[in-house]
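Both backbone and side-chain heavy atoms feed into the values below; hydrogens, waters and symmetry mates do not. Per chain, numbering begins at 1; letters A, B, ... match sequence-line order. Because the structure is a prediction, the values reported are computed rather than measured.
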Amino acid sequence: MSGGRRPDWLVIARREFLERVRTIWFLAVTALGPIGMIAIIVIPVLLARVNNGATVQIVDHTHALGAPLAEEFGKLGWKTEIVAETTDEPTLLGRIRDGSINGFLTVPSDAISGSGTIVYQGDNATNQLVTIMMWRINQQVVQHARGVAAGVDPAKLEHILTPVAIESKHTTGEASGSSAGAAFVLGYAVMFILYMAIILYAVNVMRSVVMEKTSRVVELMVAAAKPQALMMGKIIGVGAAGLVQIAAWMAMAVITITYRTQILGLFGVAGDGFTLPPLAWTDAVVIVLYFLLGYFFYAALYAALGAMVSSDQEAQQAQLPVTLLLLIPMLSMQVVANDPRGGAAEALTQIPFSSPILMPMRWLLGGSSGLDAAVSLGILAISTVFVTRLAGRIYRVGILMYGKRPSVREILRWLTY
Amino acid sequence: MTTDAVRVTGVTKRFADHVAVRDLSFTVPAGVVFGVLGPNGAGKSTTLRMVNDIIAPDGGEIRILDKFAPGRDAAPHIGYLPEERGLYPKMKVVDMLTFMAELRGVSIRDAKLRAGKWLERLGLTQWTRNKVQDLSKGMQQKVQFAAAVIHDPELVILDEPWSGLDPINAEVLREVVAEQKAAGRTILFSTHQMEQAEKICDHVCIIARGAKVLDGPLVDVKRAAVKDGLVALAFIDEAARAAAEPVLADRSLILARRPPRPGDTADLEVELAAGAAPEKLLRELVATGAAITRFEVVVPTLHQIFVERVGAENAAVAAHTDGAA
């Protein structure tokens, strides 16, 4: 009987995998994930369009800028009205309050001749698009007026004020850089998917451990298999289900982003024609390796947490420290995106808590050398082995403890059993 | 041929603040129904958990089926019903059984066949594809028995098997135990319910406070207790009893008289004096001509032996340390 006997962890992993994959929820989430992704792309564009209209009144003390400003804003579809110079601020603020206008622009008399500040006050001033347009249109109109005042030939002035064409390409030395925006989107998407996947499945491991304790089925399990095999089997089984889901999502994400223009077209929105930077097989390997190691690292921590507590409620509280560890890389995302080759990015992608989430992004942005990645993977692999061992010890003792939550001292003693 | 199903030698287990099992030794011969008896907290569960390799002893040795230490090699040969019952609530009943068999070393295909057979045997065929959580508590208990024996283990370990069982399932369990015994398997179980143990045990080992009080075949244990000489008597009427009175008053034969135990049909019980044999008392009584309807050397129940040897006080002490065992 023992000759062809399969290892316990494999039997357990298979059960965990099938239990997850066979549910309606798994199918639903796997299928609905991409719908969410499409929504992420489409909804902001749609919302931005809805928001485009604005009603603005202009108080023009120069008697020259009001009309051209109103004309330019009109091109954006905004409703503008030049009001009497004597209209005082409280009146205008009152109009914002009662909702009859979004805001008002005060142009000081020395806006053309001197350096007076044009002030916009409005309920939509936090809107980035409004701020950008306000800045651009004022810039353009005032500079034009100044040129005219200085007696510059209108044709030359037109040329001088033509917006400069600028395009940024992302490269770390290769000849053909890709669009910076696209590289960022890809890096960000990968980071976000890894973060979601790690937190989703590692927490799932914890909940599953707690469930085994509360249903007492763990008694049956520990008699049939070693706790270590139980823990590894669970982590591997849940991870395999996660891998299937991520693979499905990644495939759909690539399709979504590749056909972004067409999808936006379906909703009647013009695409911006950006293309996804090509994903080399090395990139895929890096992403998968970091997912696997990162998942193992956090899943072991969460498994140990699950073993320490006796109920879902306790687990919610106990997981806070580990969740915070996961949040640090999320919040530091911008540091890596802004300067992928900088020292901070370097440090964050070597620390095992944050490297699984940030390194793939840094790698995709070209900030990491092969050596960097190898060292980071090495550190992560060693830490994962270490954490798994420790978690295994806590797990072994913890799963058979019910009731009182153990103190830190007790847990430290479990490590020595 | 296996001679000893389990051999426990000098086993000790300490927990943080107390000794759960102290230098415990006993042998479970192959093919018997062996009861580990004791009050709550005596160390029964701890002992069975050590045999199952759930916890490791601090000292001593455990051998299983003559050749295994507790652990993975022994696991396929052992079936276990833990005291704390539990199954995966979201698993289909048939998958649950198949999984447990597989974990104990049965191939998937074989495991599925066996799961089907057991569900049929326990009258649960129509629930095969239902989730465990859809089953009533009683049905889940049946599934748990099946999980303990589905891989045809040579050694079946049942920890407090009667706790929480309704009478019907208690009967199902006794049947399963009887079947397993008939098939040549060894059953090792723990209980504090002496009435249940008395019905099915071949061997007993009584433990209290983590240490052995006595062990041996149930018959021998009972015979040893009989030596103390207690005879239950009944007469056809008061006249017959009066006729026998001179013999009953003979201090060389009878040390003391006591009323019958509650529910017993005897008129009285007598304790024989030292050196007085029951047959001598019988001869003397017959000689008086009194009409005797009952003359029985009282064999104490297991419960009586247990209370006498362990002491009521011990059983009470044990109650509050129950959680640790």
Side-chain angles (χ1 to χ4, degrees), chain A residues 1-26 207-230 233-234 237 310 396-397 399-404 406-407 409-410 413-414 416-417, chain B residues 15-16 45-46 48-56 58 68 70-92 95-96 98-108 110-111 131-133 140 143-144 147-148 150-154 157 159 323-324:
Chain A
M1 191 190 292
S2 56
R5 192 171 160 206
R6 290 191 296 164
D8 292 341
W9 67 261
L10 190 60
V11 177
I12 291 159
R14 181 171 173 271
R15 194 202 79 80
E16 297 284 348
F17 177 77
L18 290 177
E19 183 174 81
R20 276 161 187 80
V21 172
R22 278 178 182 166
T23 59
I24 291 286
W25 278 110
F26 184 83
R207 297 190 48 144
S208 147
V209 172
V210 174
M211 183 278 290
E212 284 184 356
K213 283 186 80 173
T214 50
S215 72
R216 299 294 196 252
V217 70
V218 67
E219 300 274 329
L220 210 54
M221 298 302 296
V222 285
K226 283 266 172 212
Q228 285 84 344
L230 266 179
K234 184 177 286 296
S310 302
R396 197 179 53 182
V397 185
I399 44 170
L400 292 171
M401 300 277 172
Y402 308 113
K404 186 176 78 78
S407 66
R409 249 178 66 196
E410 276 173 296
R413 204 174 57 214
W414 293 358
T416 65
Y417 277 169
Chain B
F15 288 114
S45 286
T46 305
L48 297 189
R49 284 175 156 211
M50 286 190 284
V51 175
N52 273 300
D53 194 37
I54 294 172
I55 47 178
D58 295 322
F68 302 113
R72 184 173 152 81
D73 288 338
H77 307 281
I78 303 178
Y80 178 51
L81 179 72
E83 183 180 9
E84 295 275 8
R85 315 286 161 71
L87 299 165
Y88 284 107
K90 297 212 185 297
M91 254 181 132
K92 289 199 180 103
D95 291 342
M96 180 78 224
T98 308
F99 170 65
M100 286 316 297
E102 231 190 302
L103 209 49
R104 296 282 194 179
V106 181
S107 72
I108 295 190
D110 196 12
K131 284 182 180 174
V132 167
Q133 63 190 12
Q140 288 192 26
V143 175
Q144 277 154 346
I150 188 164
H151 52 296
D152 282 339
E154 288 158 70
I157 300 176
D159 194 359

Taken to the nearest 0.5 Å, the spacing of B:Tyr88 OH from A:Arg15 CZ works out to 4.5 Å

Distance-minimising heavy-atom pair for B:Leu103 and A:Asp8: O-OD1, 3.9 Å

To the nearest 0.5 Å, what is the distance between CZ (B:Arg104) and CZ (A:Arg5)? 9.0 Å

Sort A:Glu219 into side chain, backbone, both or neither according to what part of it lies under 4.5 angstrom from a heavy atom of chain B. both

Is B:Leu81 in contact with chain A via its backbone, its side chain, both, or neither, using a 4.5 Å heavy-atom distance? neither

Taken to the nearest 0.5 Å, the spacing of A:Leu400 CG from B:Arg49 CZ works out to 5.5 Å

Would you mind checking which part of A:Leu18 comes under 4.5 Å of any heavy atom in chain B, side chain (CB onward), backbone (N, CA, C, O), both or neither? neither

In Å, rounded to the nearest 0.5 Å, how long is the span from CD of B:Glu102 to CZ of A:Arg6? 4.5 Å

Where on B:Arg72 is there a heavy atom nearer than 4.5 Å to chain A: the side chain, the backbone, both, or neither? both

Pick from A:Arg22, A:Arg14, A:Lys226, A:Met221 with the largest number of heavy-atom pairs that fall under 4.5 Å of chain B: A:Met221

Quick one: pull up OG in A:Ser215 and NZ in B:Lys90 and give me the separation to the nearest 0.5 Å. 10.5 Å

For B:Asp159, which atoms come within 4.5 Å of any heavy atom of chain A: side chain, backbone, both, or neither? neither

How many angstroms lie between CD in B:Glu84 and CG in A:Leu220, if you round to the nearest 0.5 Å? 12.0 Å

Assert top hit (heavy-atom pairs under 4.5 Å, partner chain A, pool B:Ile78, B:Val51, B:Asn52, B:Ile54) equals B:Ile54

Tell me which of these, B:Asp53, B:Asp95, B:Ile108, has more heavy-atom pairs under 4.5 Å with chain A than the rest. B:Ile108

